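Comments concern the structure below.
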Amino acid sequence: MANFINFFYAAILSGTPLLFGTTGEILCEKAGGLNLGVEGMMWIGAFAGFYTAWKTESVFLAFLVAFASAALGALLYAFLTITLKTNQNVTGLTLTTFGIGISTVLGFAMTENAGGNPQISSEFMSKLAPIEIPFLSSIPYIGKMFLNYNPFVYIAIVIAIVIALIFKFSKTGLAIRAIGENPSAADAAGINVTLHKYLCTIIGGGICGIGGAYMSIITLNGTWQSGGGVVGGYGWIAVALVIFASWSSAKAIIGSFIFGAFTCLQYYIGQFSFLPAFIREMPVSIYQMLPFLLTTIVLIISSVNSKKISSEPHSLGLNYFREDR
Amino acid sequence: MKALRKILAIVMALALVFSLAACSGNSNDDETTTAAPVGTTPIAKDAIKVGVLHITSIKDTSGYTFAHHQGIVAMKNALGLRDDQVIEKDEIPDSDAPAVKAALDELVNAGCNIIFGTSFNYMDPMDEYAKKYPDVIFSHGTGYKSNDVNFNNYFGRIYQARYLSGIAAGMKAKEINNPNLGYVAAMDVTNSEVTGGINAFALGVQSVYPEAVVKVSVTGSWADEKAEATASKALVDAGCGVLAQHCDSSVPQTTAADNKIFGCGYNSDMTAQAPTAHICAPIWHWDVYYTTAVKEVIDGKWTPTNYFGGLNEGFIDVSPINEAVAAKGTKEAVEAAKAKIMSGELVVFAKGMTKADGTVVDHDLTDAEITGEINYYIKGVELLK
């Protein structure tokens, strides 16, 4: 049982950056913008957040700067696709390339400057330690499984829930959904299409950036690694997770943690003695394949299941020309 | 007048193209008409050119490429070569054969006399290019291919240093009274380099703490920091008190520090990254080989023989023991074992070693077996997955 709890705990931690990325992308896609720059924005957030944490030692500033820098990247995307009407796929991919490139280069500059891998102080890191809630955290099993995480795990879940609630219950949420489905109808109804699209893209990008900072600061123990594996593909998994979660940030919570579980399954499954030996001893590559296999299966199911109304925003990936009615 | 100008421009452009084609044709011809075996004609010291392929950036500040780059720089200084005589191509992914070949082309065209490739999968493209350019010396680190003309292999007895770090780790484990040690491994049991390293480490551990168990967690990648973080955490969860590693980054050591346990790094001294956890690391002195090889080429004494240096050559070593962390007497124990290995009194993979399945090895392992055929864990090593 202890093994399973450790596994559950590790799965939640691995899933958290995915949840930030997925929530951010859902916000953007709901307004019709297919931003493939998630990986790039996470990288920007990873570097900016780390640098600020290293220099200022303020948790609030670190994540604020991560949010703002990634939001700036998203603003670039928004300006190009919404105002200049460039192709969304190409622009998103460019943002990814740009984000990875600039963060890697600046990361090297930072490393050179520090004369070694920069490390955030342990006082800073202790502020991000798992929160011990008196009595509750020490409840057997439940305490460790649900009530003993670092603050950003809870923040990720809260953001996802708040965004789900906005879409479900608020007028703004309705307006954004309308834009995503049919921007000209929304425009005719008096909704400011451009403003809403801009805001969704920028705030969504900022949320992705927090996910990146989570990885560089928390996942990698506060040491900048110049090997290039800081975000390493999580942004792409987040893009796929949006489909998995069928554009609902509430479902994204479950989806992210399932994917998180798959990424750390290989390290824990060997200890699950209740499983038959051949499953415990399968080659590592099988486990590394699982998240992607799962994505493929989800894509197949969602494309075969054509009777149900698709939850994909109808105008996703299409630019809105006001004069083009 | 305008038309004439246009025609002139086209003619000149064509002339340029043809002259380029002619040039490249010529240079190819030159390269296939040598008589003396490559490496036997002395080359003036200020004329020699050295090429290097690295897998990650030479700006890294720890780890594998960092260690190689340090070796190249030390070689350059020792032999007094100018900056423009050493061309280092970095961030060449070894799984991307076209990129490797493009980089090799660039180095050959720049006139390099000897080209070092530092990563395992450069092996096949280098093998191919060695045949294509018999005038250039190709020298490949790790791997197992070579030819008897212009392609050799270099690697080292890093397992000797792993044995020594095992002693340091075992003494710490004994001191904290926790027989579980963890090992973050890049590749699974089928990779002889990694598996041999794990076995050597475990033998070192068992020499001071016989009942200790080394738990192995495999990431499946040489450099994936996130996977290394998860694997290290899983080992902590499994109750390990000391973490060793065969992967490029210092993440296992920082994870050990975070969880208030201890560890032994790899490739470079990781005490800087994890001062409260890191004991010592098996390290390479690549400059020993690079200096020897380039010197041989300059002197015209290079031969296509493979290099397999160890403690005796000063090619490998353990980083200084971090006294603030290590168990009492670690330094003395490591030094004593080091002297025994160097004198030949102590053989790491000796006769009588018991495999995990209970069978006993009936001879001291040969170099060929060490580099290519260790595909089993020894007794006391368990896969955590």
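Naming convention: chains lettered A, B, ... in sequence-line order (proteins, then strands); numbering from 1 in each chain. Because the structure is predicted, anything quoted here is derived from the model rather than measured.
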(request) Determine whether the aromatic ring centres of A/Y287 and A/Y267 lie less than 6.0 Å apart. (result) no
(message) Check for me whether the distance between the ring centres of A/Y268 and A/F4 falls short of 6.0 Å.
(response) no
(request) Over all heavy atoms of both residues, which pair between A/C264 and B/T230 is shortest? Give the atoms and the distance, please. (result) CB-CG2, 3.2 Å
(request) Measure B/E382 against the heavy atoms of chain A and call it side chain, backbone, both or neither at under 4.5 Å. (result) neither
(request) Would you please go through residues 259-278 of chain B and name the residues with a non-hydrogen atom below 4.5 Å from one of chain A, in numerical order? (result) B/A272, B/Q273
(message) Using the ring centroid of each side chain, check whether B/H246 and B/W222 are separated by less than 6.0 Å.
(response) yes
(request) With a 4.5 angstrom heavy-atom cut-off, could you sort out which part of A/T223 is near chain B: side chain, backbone, both or neither? (result) side chain
(request) Could you check A/F257 against A/F8 for ring-ring contact (aromatic ring centres under 6.0 Å, His included), going step by step and ending with a plain yes or no? (result) CA-CA 9 Å; A/F257 295 144; A/F8 185 92; 8.2 Å; no
(request) Identify which part of A/Y234 has an atom lying under 4.5 Å from any heavy atom of chain B, answering side chain, backbone, both or neither. (result) side chain
(request) Could you tell me which portion of B/T219 (side chain, backbone, both or neither) has an atom closer than 4.5 angstrom to a non-hydrogen atom of chain A? (result) both
(message) Looking only at heavy atoms and a cut-off of under 4.5 Å, which of B/T255, B/L235, B/T65, B/D224 has the most pairs with chain A?
(response) B/T255
(message) I'd like to know which of B/D248, B/I55, B/D237 tops the heavy-atom pair count under 4.5 Å against chain A.
(response) B/D237
(request) Please determine, by modelled atom types, if B/E88 and B/H54 share a side-chain donor-acceptor pair under 3.5 angstrom. (result) yes
(message) Can you tell me which portion of B/S250 sits under 4.5 Å from chain A's heavy atoms? Options are side chain, backbone, both or neither.
(response) both
(request) Give a yes or no on whether a salt bridge exists between B/D83 and B/K76, defined as a side-chain N under 4.0 angstrom from a carboxylate O. (result) yes
(message) Please classify the contact between B/A227 and chain A as side chain, backbone, both or neither, with a heavy-atom cut-off of under 4.5 Å.
(response) both
